[in-house]
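Just so it is clear, the model here is predicted, and its values are computed rather than measured. Note that the numbering runs from 1 along the sequence shown for the chain.
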Amino acid sequence: MEPMDLESTHTLMSLETYIEQYEGNVRLQRLKFYVDNSPPSSGHYGMLIQTAMDCMNIGIYTDAVEAWNNTCPLDGITVNAEWVSQTSELLTSRVDKLERELKNYQLSQDKENIRRTHKALGDHYHNCGDLSNAVKHYQKSRDYGSTFLHSAEFLLNIIKVTVYLNHWTTIYNYIKKLELLQIPEINSSTLSFVLVKGLCEMATGNYTLAVSLLANVPHDSWTSEVVSPYSLLIYCSLCAIGSLTRENYQRLLLENNNFKQYMDTNLTMKTCLFAFYQRDYSNGLRILDEIKPKLKLDMFLEPLLDDIYDHIRNSCLRQYFTPYMACDLNIMARNFNTDVDDLERELHKMAIGKSMSYRIDDRNKVLRYWEHDKKTMVLDEILAMALKYQQKTQSIIIKSAIMKRGFTVKSGNTTSDEKPSTSSS
């Protein structure tokens with residue numbers, strides 16, 4: 001494993017390149033979140049308007065035009081009423097056609113075609129961004145399924161919609177149901193399934209399990225998914241830095257030939273990963289601070305980012321202090337790009353959470369390893385052994401007294417008129 005040159009320009013992917021990795025409603029939803037949470041820009045609004053038109057999403061289109069006009073009143077644009085009218089008519093005609101077909105199939109009680117039509121309506125509403133109607137029709141398609149494959153198809157459809165609603169508990173339950181079906185066509189190696197499961201584990205705070213799932217997704221098997229290779233690299237890197245031991249970090253990321261292909265696509269994240277592995281915490285944390293504003297524009301990462309960053313700092317503090325009996329807080333603060341007072345506050349929080357065993361020498365500004373009183377620990381063990389011996393002795397005495405008195409229950413069946421006999425001395 002070759003060392004990494006840590007002198008580089010820390011930049012992430014441009015918006016245009018980032019969005020081009022997605023298609024359809026996935027691209028529109030990610031772009032909308034990016035634009036809504038970034039500083040106003042006519043260029044960003046223009047991109048959102050064009051994407052909304054491509055996806056025939058009238059609601060997002062009109063909202064984007066209004067936002068542009070509020071942001072740049074001098075360069076304001078008007079809603080393309082002709083496009084809105086034509087698109088609305090086209091969408092309405094598609095829905096009417098599908099609903100007519102659905103009524104005919106219901107009259108003839110053709111369950112298979114009823115299921116397919118509900119699925120088609122769900123796909124239509126999903127592509128248009130109407131997630132509530134999409135969920136409604138996907139759920140109705142389940143009522144007409146007749147095979148395990150139909151059930152698996154329903155679960156995958158409902159998962160791909162629910163993921164945009166951030167209902168991770170619901171998604172986790174659907175994933176468990178999908179695994180129980182054991183469908184050969186949909187198993188643990190299916191790309192969509194692994195990506196959503198990895199997202200779910202990350203969203204629920206299971207960062208170690210998320211890394212083990214995402215780091216082994218084959219780099220050369222991508223299609224248009226809810227997560228792009230670039231996003232997978234970001235998610236996997238952050239979760240790994242904040243949760244993995246040094247051995248697992250090296251095994252799952254740096255020595256993983258598959259994950260190396262992801263690292264090679266972005267120099268910034270590759271530099272960051274090697275910085276933490278080489279215990280260059282100052283440079284690694286500085287890179288993370290520089291890219292944090294960009295990371296907050298990711299719709300799946302933004303709610304978790306502060307928690308992940310806290311895990312990363314806490315993990316780095318533990319790794320830094322573990323080899324030593326005492327550390328100079330001034331030197332430690334410089335290595336973590338902070339001052340001594342802020343560092344003490346961080347360590348105090350970790351002490352409350354029992355993440356580390358140490359004491360702070362506030363006078364000399366030294367962090368010292370706190371070793372528990374061995375004498376007290378030995379006395380506690382002796383007391384526990386004595387209590388256990390006392391309980392065991394009492395049980396033996398009671399058993400001996402019972403046997404001596406002859407209070408024993410005879411084995412065998414007894415009738416209702418017979419009672420277990422006892423004898424006394």
*Heavy atoms only: give me the nearest Cys272-Gly284 pair and the separation to one decimal.*
SG-O, 4.0 Å
*Would you please test Thr51 and Tyr22 for side chain to side chain donor-acceptor pair (under 3.5 Å) and show each step?*
CA-CA 11 Å; Thr51 305; Tyr22 302 98; over 6 Å; no
*Do any N or O atoms from the side chain of Ser231 and from the backbone of Val227 form a donor-acceptor pair under 3.5 angstrom?*
no
*Can you tell which of Leu91, Asn57, Asn25, Leu28 makes a side-chain contact (heavy atoms from CB on, under 4.5 Å) with Cys128?*
Leu91
_Looking only at side-chain N and O atoms, does Gln319 offer a donor or acceptor that is under 3.5 Å from a partner on Ser315?_
yes
*asked:* Tell me whether the rings of Tyr262 and Phe259 are parallel (<30°), tilted (30 to 60°) or perpendicular (>60°).
replied: tilted
_Exceeds 12 heavy-atom contacts within 6.0 angstrom, atom NZ of Lys103_ = no
*Looking at Val79 and Val84, what are the two nearest heavy atoms and their distance?*
CG1-CG2, 3.8 Å
_Does Glu290 form a salt bridge (charged side-chain N to carboxylate O under 4.0 Å, His left out) with Arg286? I'd like the steps, not just the answer._
CA-CA 6 Å; Glu290 289 177 3; Arg286 179 169 56 84; 3.3 Å; yes
*asked:* Testing the basics here: between Ala64 and Ile49, what is the closest heavy-atom pair and its distance to 0.1 Å?
replied: CB-CG1, 3.5 Å
*So, Arg27 side chain and Ile19 main chain: donor-acceptor pair closer than 3.5 Å or not?*
yes
_Please determine whether salt bridge (charged side-chain N to carboxylate O under 4.0 Å, His left out) holds for the pair Lys292 and Asp306, giving the CA-CA distance in whole Å, both sets of side-chain angles, and the decisive distance to 0.1 Å._
CA-CA 9 Å; Lys292 188 174 182 179; Asp306 290 336; 3.2 Å; yes
_Residue pair Glu153 / Asn157, side-chain donor-acceptor N/O under 3.5 Å_ = no
_Geometric class of the Tyr174/Phe154 ring pair [parallel <30°, tilted 30-60°, perpendicular >60°]_ = perpendicular
*Decide whether Ser282 and Asn337 meet the rule of one side-chain donor and one side-chain acceptor closer than 3.5 Å.*
yes
_We want to know whether Ser141 and Asp143 form a side-chain donor-acceptor pair, criterion being a heavy-atom distance below 3.5 angstrom._
no
*So, Tyr320 versus Phe336, ring centres under 6.0 angstrom or not?*
yes
*So, does Asn69 use its side chain to make a donor-acceptor pair with the main chain of Ile77 at under 3.5 Å?*
yes
*Mind checking the CD1-CD1 spacing from Ile402 to Ile397? Nearest 0.5 Å is all I need.*
12.5 Å
*Rounded to the nearest 0.5 Å, what separation is found between the CE atom of Met299 and the OH atom of Tyr164?*
6.5 Å
*asked:* So, taking the atom named CG in Leu253 and the one named NZ in Lys270, what distance separates them when rounded to the nearest 0.5 Å?
replied: 13.0 Å
*Can you see which heavy atom on Tyr138 is nearest to which on Lys160, and at what distance?*
OH-CE, 3.5 Å
*Counting heavy atoms not belonging to Lys32, are there more than 12 under 6.0 Å from its NZ?*
no
*Atom CG of Leu304 and atom CG of Leu199: how far apart are they, to the nearest 0.5 Å?*
9.5 Å
*asked:* Using 0.5 Å steps for rounding, measure from the OG1 atom of Thr87 to the CD atom of Glu82.
replied: 10.0 Å
*Short side-chain to backbone donor-acceptor contact, Tyr61 and Asn80, under 3.5 Å*: yes
*Quick one: sort the Tyr18 and Tyr230 rings into parallel, tilted or perpendicular, breaks at 30° and 60°.*
perpendicular
*CG/Asn133 to NE2/His126 distance, rounded to the nearest 0.5 angstrom?*
13.0 Å
_If you compare all heavy atoms of Asn256 against all heavy atoms of Ala215, which two are closest, and at what distance to 0.1 Å?_
ND2-O, 3.4 Å
*asked:* Quick check on Gln394: does its CD atom have over 12 non-hydrogen neighbours (other residues, nucleotides or ligands) under 6.0 Å away?
replied: yes
*Where do Asp298 and Arg30 land on the salt bridge (charged side-chain N to carboxylate O under 4.0 Å, His left out) test, with the steps shown first?*
CA-CA 7 Å; Asp298 185 287; Arg30 281 188 171 269; 3.0 Å; yes
*Could you go through the salt bridge (charged side-chain N to carboxylate O under 4.0 Å, His left out) check for Arg345 and Asp341 one step at a time?*
CA-CA 6 Å; Arg345 280 191 285 270; Asp341 292 336; 5.7 Å; no
*Between the side chains of Asn70 and Tyr45, is a donor N or O closer than 3.5 angstrom to an acceptor N or O?*
no
*Looking only at non-hydrogen atoms, find the nearest pair between Gly122 and Ala134 and report the distance.*
O-CB, 3.5 Å
